[in-house]
Amino acid sequence: MAISSDVRKRWAWITGLRGLLMLLAGIYAVIFPAQALVVLVLFGGALLLVDGILGLWSLTFGGARTGNFWFDVVRNALAIITGVLILISPLIATVLTTTFLVYLVAFQSIFVGVMEIWVIVREREHYARIWPVLLSGIAYVIFGIALLFFPLTAAWVFVVLGGVLAIIFAIGLFGLAWRMYQSAKGAA
């Protein structure tokens, strides 16, 4: 089945609109990283609230039975409570959420760095040069320690980097939309 040029043009416009939204979100994250972080946490809280409500609704009226009824009830109730707490106090939720996530990345980084160092020292006879892997492990450990000491600054940097990546992705979407639009014009 062939796709008409009108459908192709609509998809091109939709892809361009996605690119525009991604570009605006990326610019917002780069210019206002703290506010963007709060917005992300608020969206997460709203998502938890809606997920919990829909989960309880489906357990009650939708016939969704997994065999773990009480687990599902508790999970959905906790999602509702967490969503409400985030929406009631977004600033505290943002600080706690970002600190927790940065600490997770920090501990993972330290663990990976220590493991790289340990493996390269233990298996050094199998490698022609051990210093690149050793430096990589040391860099991971230093990065993890820096995250532990500056979690909110790290979160700010991560949001800015996410904004830059969103801008780059938006440019790619614009290119794709343009190619789709040109393809639709050529098919007409």
Side-chain angles (χ1 to χ4, degrees), residues 1-58 62 64 75-76 78-80 82-109 112 136 139-140 143-144 146-147 150-188:
M1 179 163 97
I3 298 173
S4 71
S5 65
D6 287 340
V7 172
R8 289 181 186 193
K9 284 182 182 178
R10 275 189 236 129
W11 278 105
W13 280 105
I14 290 169
T15 303
L17 181 61
R18 282 182 59 209
L20 179 63
L21 292 174
M22 186 72 66
L23 178 67
L24 293 174
I27 290 171
Y28 184 75
V30 169
I31 295 174
F32 306 110
Q35 291 86 345
L37 197 55
V38 172
V39 168
L40 286 172
V41 171
L42 283 173
F43 274 126
L47 182 65
L48 281 170
L49 182 63
V50 170
D51 178 55
I53 291 170
L54 290 177
L56 285 179
W57 182 85
S58 70
R75 185 198 76 77
N76 289 311
L78 286 175
I80 291 171
T82 306
V84 167
L85 289 175
I86 288 172
L87 294 176
I88 287 174
S89 181
L91 186 58
I92 293 172
T94 301
V95 170
L96 291 175
T97 303
T98 55
T99 303
F100 177 73
L101 291 175
V102 169
Y103 280 161
L104 280 178
V105 172
F107 289 127
Q108 180 265 342
S109 179
V112 167
S136 172
Y140 265 115
F143 177 70
L147 290 179
F150 305 106
L152 295 178
T153 304
W156 180 82
V157 169
F158 288 154
V159 169
V160 171
L161 287 175
V164 169
L165 290 175
I167 292 169
I168 293 169
F169 187 70
I171 292 168
L173 283 175
F174 288 143
L176 176 63
W178 179 253
R179 285 187 22 218
M180 291 169 71
Y181 186 78
Q182 292 301 321
S183 170
K185 278 179 45 179

Test side chain to side chain contact (heavy atoms under 4.5 Å, CB included) applied to L48 and I80, step by step: CA-CA 6 Å; L48 281 170; I80 291 171; over 6 Å; no
Candidate pair V39 and Y28, rule side chain to side chain contact (heavy atoms under 4.5 Å, CB included), full reasoning: CA-CA 11 Å; V39 168; Y28 184 75; 4.3 Å; yes
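Using a distance-only test at 3.5 Å, with no hydrogens or angles considered, a donor-acceptor pair links the side chain of S109 to the main chain of Y140. Checked by atom type and distance alone, the side chain of T94 pairs as donor or acceptor with a backbone atom of P90 at under 3.5 Å. The backbone N or O of G55 lies less than 3.5 Å from a partner atom in the side chain of S58, making a donor-acceptor pair.
Of all heavy-atom pairs between L49 and V84, the closest is CD1-CG2, 3.7 Å. The minimum heavy-atom distance linking F158 with L147 is given by the pair CZ-CD2, 4.1 Å. What you find for A12 and A177 is that their closest heavy atoms are O-CB, 3.3 Å. Nearest heavy atoms, M22 versus A166: CG-O, 3.1 Å. Between A106 and G144, the closest heavy-atom pair is CB-O, 3.3 Å. Taking all atoms of both residues into account, the shortest heavy-atom contact from P33 to V159 is O-CG1, 3.6 Å.
When each of V102, L96, T98, L104 is paired with F100, the side chain to side chain contact (heavy atoms under 4.5 Å, CB included) condition holds for L104 and for no other.
Note: I86 CD1 to L91 CG = 13.0 Å, rounded to the nearest 0.5 Å. Atom CG of L56 sits about 9.5 Å away from atom CG of D51, to the nearest 0.5 Å. Of the inter-residue distances, the one linking L173 atom CG with I14 atom CD1 reads 12.5 Å to the nearest 0.5 angstrom. Taken to the nearest 0.5 Å, the CZ atom of F174 stands 5.0 Å off from the CG atom of L23. One distance of note links CD1 of I171 with CD1 of I167; it measures 7.5 Å at 0.5 Å rounding. With values rounded to the nearest 0.5 angstrom, M180 atom CE is found 15.0 Å from K185 atom NZ.
Using a 4.5 Å heavy-atom threshold, the side chains of F143 and V112 count as separate.
Heavy atoms of other residues, nucleotides or ligands lying less than 6.0 angstrom from CD1 of I92 number 12 at most.
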